[in-house]
Amino acid sequence: MTSKVLVVANRLPVEFQESDGGGTWTRSPGGLVTALDSALSRHACTWIGWSGRACDEEGPALEIPQRLHECELLEVPLTAEEVSSHYEGFCNATLWPLYHDAVAPVVYSRSTFHTYEAVNRRFCDIVASEAPRDATVWVHDYQLQLLPQMLRRLRPDVRIGFFLHIPFPPPELFGRLPWRTQILNGLLGADLIGFQTADALENFLASVNALTPATAADGFISVPGNGNENPRTVTVGAFPISIDIDHIGALATTDEIRNLAGQVRSDLGDPRTLLLGVDRLDYTKGIELRLKAIVELFEEGALNPYETVFLQIASPSRQNVEQYQRIREQVEGAIGRAVGDLSRLGTSPIQYMYQTMPSDDLVAFYMAADVMLVTPLRDGMNLVAKEYVASRIGDDGALVLSEFAGAGRELRDAWLINPYDTDGLKRAILRAVRASKTEKARRMSSLRQAVVRHDVQRWSEEFLSILNAADQQEIIDLRERAGLPL
Ligand code: F6P
């Protein structure tokens with residue numbers, strides 16, 4: 001039977017990995033699944049989403065696993081045409097670049113928006129028919145922003161929460177979207193709308209005030225009624241997402257992961273300093289600018305190529321979208337040039353892996369790395385930064401972190417940088433490399449406290465308790481108790 005809590009996200013938490021005519025179901029890539037999978041592992045829920053494979057794609061029929069942990073999984077079938085127009089088109093060629101400060105050109109296409117509407121409608125119909133009476137429906141991310149309003153019209157009995165995992169752009173950028181009012185009205189169908197940071201929330205409120213008749217004050221939005229709908233109040237807030245601290249901390253103490261961390265260093269030739277980058281291969285992650293800074297440091301002799309290695313792990317992502325094909329060519333071209341310029345026979349200070357690493361193995365790489373480079377041009381939160389901190393159980397290591405990642409708002413004791421400022425980035429890398437043990441321990445212990453205070457269990461509990469609060473006073477009390485920014 002469908003659970004009282006329904007999680008609705010574009011992707012199911014599992015996806016099929018093909019290999020040699022067969023394959024297995026593995027955890028889906030990305031921060032949303034990493035966070036939610038941990039947050040919900042102890043709660044009964046029904047997770048509704050797409051399997052990552054078009055339903056009319058040729059190949060063996062695939063049985064989706066019925067459950068993951070305590071969650072029942074329900075597939076929303078999407079055709080190849082819909083995947084191309086909704087997921088690759090409106091979601092990842094329009095909304096994704098626009099919401100990330102338009103760091104790549106934004107495609108405006110009426111036909112992909114129409115598919116976006118149709119796919120949101122498909123999700124809505126499935127949720128509306130599955131949700132038990134008075135259920136709690138938690139909708140996730142930019143792929144489903146029309147769903148809250150659609151669902152409210154069909155099922156006024158359910159509580160609807162929406163959480164945006166990526167940034168919400170400033171009004172001057174959001175205002176370019178020809179479908180801006182549809183999106184805002186879609187979101188305003190929710191009872192609670194959550195953002196990663198206070199900045200994202202502020203941007204959203206500015207657009208609501210400018211483009212709709214609704215008015216916002218003190219963490220609530222009053223939505224006036226119209227002929228068909230009663231006036232309503234929507235709660236909004238910033239709920240910075242986090243990670244499963246205990247799980248990563250426990251992994252970091254196992255012999256298996258510790259040995260793997262030792263193996264990583266020895267396979268890389270036991271460098272004195274290992275610098276690490278771990279990202280989905282995405283133009284928002286700032287991989288090229290990071291590489292440029294590192295190459296300059298090697299060329300100038302500030303980093304010694306005989307005792308330093310920079311390893312970039314990039315996981316394949318959205319490979320059918322043109323901008324992603326281009327960024328891969330650019331990153332790999334730059335890596336190739338750097339390897340050519342800096343290598344010695346049989347060894348190179350620049351190492352690159354293009355693959356999806358199992359999440360447990362990643363903890364070993366974090367443990368092996370002396371300096372972690374998380375330098376996105378724009379990022380909703382960035383869980384790699386938090387995972388690195390969680391894996392440094394000895395209060396060592398150093399984090400160089402972009403001030404344009406949501407995590408930069410919380411992890412103030414990282415070496416914070418502006419990724420566009422190559423000289424500033426180089427200075428921060430050198431400071432992190434050369435910092436004393438005491439300095440590193442001071443910073444890491446403070447970073448660890450910040451992450452421990454807000455782990456992902458707490459994030460989901462706070463969101464769901466505010467969503468299910470009986471009245472505004474209870475919401476105010478809960479927010480105050482949790483110290484959540486308005
Ligand atoms: O963080 C935004 C997001 O779309 C998440 O939903 C997901 O974790 C990640 O990016 C990867 O995206 P995709 O589902 O497109 O592979």
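Both counts, for ligands and for their atoms, begin at 1 and track the order of listing.
Remark: ligand 1 atoms within the under-4.0 Å shell around heavy atoms of Gln143 are 4 (O), 6 (O). For ligand 1, the atoms lying closer than 4.0 Å to a non-hydrogen atom of Tyr142 are 4 (O). Every atom of ligand 1 with a heavy atom of Ile166 under 4.0 Å away is listed here by number and element: 1 (O), 2 (C).
For the pair Arg280 and Tyr354, the cation-pi criterion (under 6.0 Å, within 45° of the ring axis) is not fulfilled. Because its NZ or CZ atom is not both nearer than 6.0 Å to the ring centre of Tyr366 and within 45° of the ring axis, Arg392 does not count as a cation-pi partner of that residue.
Interatomic distance, CD of Glu75 versus SG of Cys55, reported as 7.0 Å (0.5 Å rounding).
Applying the salt bridge (charged side-chain N to carboxylate O under 4.0 Å, His left out) definition to pairs two or more places apart or across chains, those involving residues 103-123 are Glu82-Arg122.
Residue contacts with ligand 1, taken as heavy atom pairs separated by less than 4.0 Å, do not involve His140 at all. Neither the backbone nor the side chain of Asn10 comes within 4.0 Å of ligand 1, counting heavy atoms alone.
Heavy-atom proximity to atom 10 (O) of ligand 1, evaluated over Met381, His165, Arg318, is greatest for Arg318.
Checked by distance only, ligand 1 and Ser317 stay at 3.5 Å or farther apart across all their nitrogen or oxygen atoms.
Look at Asp282 and Arg318 and you find a salt bridge, because one of the NZ, NE, NH1 or NH2 atoms lies within 4.0 Å of a carboxylate O, short of that distance.
In summary, of the residues considered (Lys386, Arg448, Arg453), a salt bridge (Lys or Arg N to Asp or Glu O under 4.0 Å) with Glu410 occurs for Lys386 alone.
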